[in-house]
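Input: a single structure, listed below in C-alpha cells.
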There are 2 protein chains.
Amino acid sequence: MFTDVDGRALADFPRPSVAVDTALMTVIPATHDTLARLGVLLVRRPPQSVGAAAGWALPGTFLHEGETLAEAVRRSLEVKAGVTGREPQQLHVFDDPARDDRGWVLSVAHLDVLSFVDLELLRKPANSRIVALPSRLRLPYDHLAIIDLATERLRREYRAHPDPRRLLHESFTIADLRAVHEAVAGRELQKDTFRRLMIDELESLPAAAEGRRGRPAQLFGRSARHAE
Amino acid sequence: MFTDVDGRALADFPRPSVAVDTALMTVIPATHDTLARLGVLLVRRPPQSVGAAAGWALPGTFLHEGETLAEAVRRSLEVKAGVTGREPQQLHVFDDPARDDRGWVLSVAHLDVLSFVDLELLRKPANSRIVALPSRLRLPYDHLAIIDLATERLRREYRAHPDPRRLLHESFTIADLRAVHEAVAGRELQKDTFRRLMIDELESLPAAAEGRRGRPAQLFGRSARHAE
DNA sequence: ATCAATTAGATCAAAATTGCGCTAATAAGG
DNA sequence: CCTTATTAGCGCAATTTTGATCTAATTGAT
C-alpha cells in the first residue's frame, strides 16, 4: 500500500461519501392547449425520508467502489426509475460539508436527456414522474440548482447543433426539429433563420406523403458527418 | 447516525479518496522576440514519486474532512506553491477507478487564473515553475487533459468579456487588453472589431502621458456595472 | 380538372458586422 | 515651431445575417 510523505496510507484519512444526482431531461410534447416544454424526471423518496427530503427528488445514489460516476448514474436511473442505456454528462460537484444530515457527502450533478416517448416506455410510473419546468415543487438538497444548471447546459448545446441529444427519432421534419428546439430554448425561433442554421447538419430523406392535404414536409435524418 | 434502507450507515460503505488538481493559468508576457502566451503553474513532485509521477505536475491535494473543494484547492496552492487568495472554478471530475496506483481516487479538476506578476511575486521558485502552453512535458494522471479543459474554458470566458479573470491590473490600454485576449485566444484579433466588442464594458480613465512620443493611449478600468 | 391546404425555399430589403484606410489629436524630439 | 511617432476612432465598402413576402410544388378533397 502506498503511503504519503507522512507515512500514512490513503485509508487513514477521512473520506467523503460521493453521491451522484441526475437531471434526466426530456421534452414534454405539445397538447392541444400547451406548447412542448422541458421536463425532468423525479423519483419518489423512500418512505422513511423526513423533512425536506420527503416527497420527490432527482434520481441519485452513492458511488460504489470500482464504478465510474457514469456507471453509478446508470445504476441509479435503472434502480430508481427503470431507465436504462444512458450517457450522462457531469455538471458540477456540490461540496458543502454540511449539505447532508447523514454525514460528509459530495454530490456530483449530472445531465442526461431522453425522448419523452422512450422515457414513458421505460420508467416505473409508481416511483417516478415527469415534471414540467420551471417547476414549483420543493426539492431536497441542491436539486433545483442542478435542474437550472442542466437547463442552461442543454440550451447551450441546442443553440449550436440540431437536436444533439436525439430527442427526435430517426427521421423528422424541420417543423418537428424547430418545435423541440423551441421547447429547449423556452422561446419561439424564427423559422427561416432556424432553417438556415440547421440545414447543413441535416441529411435529406425522401419525403413521404402524410395522408393529409398539402405538400408533404421534407424529412431529415442527422448528417453522418456531424455525429455527436 | 442515519442509515439507509438496508440499515447500514454511510461509513459502512467503501468511499473514494477525493483529490483536487488545479490548472492555475497565467499569461506569460511578451518578450522582444516572443508574443504573450498562456502558461500554467507546475509544482515539483515529492522526491519519492516514481515512474510517471516523477517530475512536475499540477498542484493538488486530497480533500480533508470539513473543507470544500475550493478550500482544498487554496490549501494546495499555498502549501505546494506559495500562492494565496484564489477563487477556483470546477472543471471536471476524473473518475477512472484505476487512475491512481495508491487506491481509489477521484480527482476534481479546477481552473484558476492569476497575473504573471502576482504569480511571480507569490510562488516559491524552488518548488514551482510556469510552463508555456502548449507544453511538451509529460505530466502524470489526467493533468494534460485538465490543462486542455482549462484552456477551452478560459478561451470561452475571454470571448465574451474584457479580461474577466483580471489578468490586467486596475488600469490598462486597449492594446494591453487585446494583447492579453490574443494570448488567451492563441490567435490575432482584429483591432477595430475587438474594440467594438469590448468598449461597452470598459470605463474610460483620464489618459496619462506615457513619456514616449505620440498620442498617449486612452486608459480603461472595468466598468462597475459589469463586475464579475 | 379544379380548388384548398400545406410546405420549401427563393428573393429581397434592412440591419448588423467586419476590416481597412485614413485623418485628427496628442505626445516627445530636434 | 516643425517633424515624427503613436493612438483614437470615423467613414466606408463589403459581407453576413435576419425576417418577411411570395411563388412553386405537391398533396387530398370535390
Side-chain angles (χ1 to χ4, degrees), chain A residues 29-30 32 35-36 155-156 158-163 168-223 226, chain B residues 29-30 32 35-36 155-156 158-163 168-223 226:
Chain A
H32 66 285
L35 296 172
R155 283 179 170 166
R156 195 188 313 140
Y158 269 72
R159 205 172 289 131
H161 302 286
D163 192 26
L168 294 165
H169 283 148
E170 288 316 296
S171 69
F172 46 86
T173 68
I174 198 94
D176 294 335
L177 185 64
R178 192 163 107 256
V180 160
H181 276 243
E182 286 180 339
V184 172
R187 67 178 176 86
E188 214 173 324
L189 302 173
Q190 206 282 336
K191 85 171 182 69
D192 291 335
T193 303
F194 178 79
R195 176 191 189 86
R196 284 195 199 102
L197 284 172
M198 299 291 153
I199 201 75
D200 287 341
E201 288 187 51
L202 298 174
E203 191 146 359
S204 289
L205 300 176
E210 293 169 0
R212 62 188 183 89
R213 281 206 258 188
R215 183 171 168 170
Q218 177 71 54
L219 291 176
F220 295 95
R222 292 165 186 82
S223 175
H226 291 92
Chain B
H32 65 285
L35 297 172
R155 283 179 171 165
R156 194 188 314 138
Y158 270 71
R159 204 171 288 132
H161 303 285
D163 193 25
L168 293 166
H169 284 147
E170 288 315 295
S171 71
F172 47 86
T173 68
I174 198 93
D176 294 335
L177 185 64
R178 190 162 108 257
V180 159
H181 276 243
E182 287 181 340
V184 171
R187 65 178 178 87
E188 214 173 324
L189 302 171
Q190 208 282 333
K191 84 173 183 68
D192 287 342
T193 303
F194 178 78
R195 175 191 190 84
R196 285 194 197 101
L197 284 172
M198 298 290 153
I199 202 79
D200 288 339
E201 289 188 51
L202 298 174
E203 189 145 2
S204 287
L205 301 176
E210 293 170 0
R212 61 190 183 89
R213 282 207 257 191
R215 181 172 169 170
Q218 178 71 56
L219 291 176
F220 295 96
R222 291 167 185 80
S223 174
H226 291 93

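All chains are named by letter (A, B, ...) in the order of the sequence lines, taking the proteins before the strands, and each is independently numbered beginning at 1. FYI, side chains are in, hydrogens and waters are out, and symmetry mates aren't considered; it's all heavy atoms of this structure.
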Under 3.5 Å: donor-acceptor pair, side chain of Gln218(B), backbone of Leu205(B): yes
Protein-nucleotide distance ([X], atom [atom1]; [N], atom [atom2]), rounded to Å:
X         : N       : atom1 : atom2 : result
Arg196(A) : dA20(D) : CZ    : C1'   : 10 Å
Arg178(A) : dT7(C)  : CZ    : P     : 10 Å
Met198(B) : dA8(D)  : CE    : P     : 16 Å
Phe172(B) : dA8(D)  : CZ    : P     : 13 Å
Gln218(B) : dA27(C) : CD    : C1'   : 14 Å
Phe220(B) : dA8(D)  : CZ    : P     : 7 Å
Lys191(B) : dG21(C) : NZ    : P     : 11 Å
Leu197(B) : dT18(C) : CG    : C1'   : 10 Å

Nearest to the side chain of [X], heavy atoms from C-beta on, is which of [options]?
X         : options                   : value
Gln190(A) : dT26(C), dA29(D), dG19(D) : dG19(D)
Pro216(B) : dG29(C), dA8(C), dT26(C)  : dT26(C)
Arg215(A) : dA20(D), dT6(D), dA25(D)  : dA25(D)
Asp192(A) : dA8(D), dG19(C), dA20(D)  : dA20(D)

For the residue pair His181(B) and Asp163(B), what are the closest heavy atoms and their distance?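 Minimum heavy-atom separation between His181(B) and Asp163(B): NE2-N, 2.9 Å.
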Of the non-hydrogen atoms in Glu203(A) and Arg222(A), which two are nearest, and what is the gap between them? OE1-O, 3.5 Å
Please compare Gly214(A) and Thr193(A) by the position of their nearest nucleotide in DNA chain D and report the one closer to 5'.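 Whichever sits nearer the 5' end wins; that is Thr193(A).
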Below 4.5 Å, heavy atoms only, C-beta onward: do Tyr158(A) and Val180(A) meet side chain to side chain? yes
So, under a plain 3.5 Å distance rule, would you say the side chain of Arg212(B) forms a donor-acceptor pair with the base of dG29(C)?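 Not at all, since no donor on one side and acceptor on the other fall under 3.5 Å apart.
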Working to the nearest 0.5 Å, report the span between CD of Gln190(A) and CD of Glu188(A).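 Gln190(A) atom CD to Glu188(A) atom CD measures 9.5 Å (nearest 0.5 Å).
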